[in-house]
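So that the names make sense, note that chain A is the first sequence line, chain B the second, and so on, each numbered from 1.
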Number of protein chains: 2
Amino acid sequence: MTETKADQPAGEAKPRRRQARGERRIQQLLDAAASVFCRAGYAGASTNAIAREAGVSPGTLYQFFPNKEAIAVELGERLTHRMREAHGVLFTPEYASLPLDRMLDAVVDPMVEFNCQNPVFLTLIHSGDIPGLMTEDHDALHVALQARLEELIGFIQPALPPERRTRTATMVFSLFKAGLELVLAHEGGERAAYIEELKASLHGYLAPIIGAETPSRTP
Amino acid sequence: MTETKADQPAGEAKPRRRQARGERRIQQLLDAAASVFCRAGYAGASTNAIAREAGVSPGTLYQFFPNKEAIAVELGERLTHRMREAHGVLFTPEYASLPLDRMLDAVVDPMVEFNCQNPVFLTLIHSGDIPGLMTEDHDALHVALQARLEELIGFIQPALPPERRTRTATMVFSLFKAGLELVLAHEGGERAAYIEELKASLHGYLAPIIGAETPSRTP
DNA sequence: GGCAAACACGAGCGACCGCTCGCGTTTCTC
DNA sequence: GAGAAACGCGAGCGGTCGCTCGTGTTTGCC
């Protein structure tokens with residue numbers, strides 16, 4: 001027992017007294033980071049550029065984050081938290097009783113909405129470049145979402161072998177990411193059209209698997 | 001007219017006498033680059049690492065390529081050339097008369113085969129990180145493939161408005177890329193299974209659009 | 001065999017990166 | 001109001017990167 005007053009588990013000494021000013025700076029820095037990550041990707045974003053965008057010096061940035069990766073991790077955590085509180089659990093077992101069209105609306109629309117307002121989320125989750133440790137956090141989100149998906153698919157079509165169910169969830173996740181990129185790459189009417197295409201593609205893929213009676217999607 | 005003997009268009013003075021040894025080195029360097037690009041991505045691959053992998057010094061590398069980007073461009077050109085000569089025009093109008101199942105087999109199988117043997121192709125075409133000028137070359141391939149796709153879709157379903165046809169081609173291209181990534185990320189039986197899933201997803205998306213009678217894909 | 005051109009080397013240049021450190025300023029606490 | 005802690009700054013450290021350059025070796029051609 002090395003600690004005397006502060007009850008840290010000795011393994012990690014993280015938290016630190018923050019003033020209101022500090023919390024504001026952290027938010028400024030995370031906003032700046034989101035902007036720069038979107039523009040240049042994680043690897044292409046320099047910490048100096050993030051500090052500049054936030055209007056502070058590089059030294060100030062490192063008052064609040066131990067390293068570049070921690071910025072992405074904290075940003076990711078705040079985004080996932082905001083996503084959960086904005087749309088609840090996102091997909092619950094009760095969705096399984098909906099017809100495929102409605103279920104896709106119920107799942108895809110909020111997800112698209114969220115990603116349009118927080119485009120950095122896709123940048124972080126795509127992460128072709130994010131190095132090592134970030135994988136823990138990134139995978140945590142990835143695995144959690146995919147587990148939800150698998151669960152939902154299991155409710156809808158219990159006859160599916162578990163191996164096939166995993167593949168289906170992986171596939172849906174990947175197709176969704178691809179469609180989402182196209183949605184974010186367009187604006188206005190084009191964006192709306194791509195949202196419909198995204199739903200149509202998911203419908204077309206899932207309908208034969210879950211044995212839906214509707215032959216196609218009617219927009 | 002500034003040139004006297006060599007008939008260069010004055011705008012570009014590129015080609016240079018190469019010995020057999022030089023051609024061999026170029027191939028070594030491109031092979032090494034493909035390997036390193038696959039491992040680390042374009043941005044993450046250092047020219048020194050490419051030279052080391054090829055067993056030559058950094059200076060030697062720059063005897064044959066003016067800069068890092070030129071390596072990716074040349075690699076891309078050789079890959080597209082190899083793809084064309086390996087599988088012909090890849091999809092021709094006559095495919096339009098095939099049933100959707102068979103057409104997907106005819107288009108997807110060679111494409112998957114090629115990408116499994118040349119995984120660097122996806123790395124280059126994905127190019128979330130490739131900077132500026134590379135875009136010309138990358139887009140050239142992207143646009144060419146998508147134009148072919150649009151053409152084929154136009155043959156199959158002439159009633160589709162051109163705007164919608166473009167969206168469909170974009171969508172198919174994107175879904176295919178996403179599926180291909182999953183295929184390359186697995187091996188053996190899993191890979192074969194994902195190839196089927198890829199075909200199933202394309203079938204599900206395209207069947208309602210082109211008005212196919214087959215309700216689903218039978219593997 | 002001689003000579004120019006092509007090939008090969010590898011130390012290292014300049015630029016940029018993530019990050020630090022010494023020191024000055026603001027804010028909280030008593 | 002005094003002391004401590006949090007905040008803020010920016011020059012610059014150590015390192016990597018793309019790329020160069022001076023020099024030496026091999027090759028093709030007469």
- Message: For B:Phe173 together with B:His142, are the ring centres under 6.0 Å from each other?
- Response: yes
Please state how far atom [atom1] in [X] lies from atom [atom2] in [N], giving the value in whole angstrom units.
X: A:Glu23; N: C:dT27; atom1: CD; atom2: C1'; answer: 15 Å
X: B:Asn67; N: D:dC17; atom1: CG; atom2: P; answer: 17 Å
X: B:Glu69; N: D:dG18; atom1: CD; atom2: C1'; answer: 13 Å
X: B:Ile71; N: D:dC19; atom1: CD1; atom2: P; answer: 8 Å
X: B:Arg52; N: D:dT16; atom1: CZ; atom2: C1'; answer: 11 Å
X: B:Ile50; N: D:dC19; atom1: CD1; atom2: P; answer: 10 Å
X: A:Lys68; N: C:dT20; atom1: NZ; atom2: P; answer: 15 Å

[N] phosphate, OP1 or OP2, under 4.0 Å from [X] side-chain N/O:
X: B:Arg17; N: C:dC7; value: no
X: B:Thr47; N: D:dG18; value: yes
X: A:Arg21; N: C:dC28; value: no
X: B:Arg25; N: C:dC7; value: no

- Find the distance between CD (A:Gln27) and CZ (A:Arg78) and round it off to the nearest 0.5 Å. 5.0 Å
- Item | Nearest-0.5 Å distance that lies between atom CG in A:Asn48 and atom NZ in A:Lys68 | 10.5 Å
- Item | Partner of B:Cys38 under side chain to side chain contact (heavy atoms under 4.5 Å, CB included), chosen from B:Val120, B:Asn118, B:Leu124 | B:Val120
- Are A:Leu61 and A:Leu29 close enough, and set up right, to give a side-chain contact (heavy atoms from CB on, under 4.5 Å), and what steps lead you there? CA-CA 7 Å; A:Leu61 185 151; A:Leu29 285 164; 4.0 Å; yes
- Task: Establish whether the base of D:dC17 is bridged to the side chain of B:Asn48 by a donor-acceptor pair shorter than 3.5 Å.
- Result: no
- Task: Identify whether any heavy atom of A:Ala45 sits under 4.0 Å from a base atom; if not, whether one sits that close to sugar-phosphate; answer base, sugar-phosphate or nothing.
- Result: sugar-phosphate
- Item | Side-chain ion pair, B:Glu197 and A:Arg164, N-O less than 4.0 Å | yes
- Item | Salt-bridge criterion met for B:Arg167 and A:Glu196 (N-O under 4.0 Å) | no
- Query: Is there a residue in residues 56-64 of chain A whose heavy atoms reach under 4.0 Å of DNA chain C, and which residues are they?
  - Reply: A:Pro58, A:Gly59, A:Tyr62
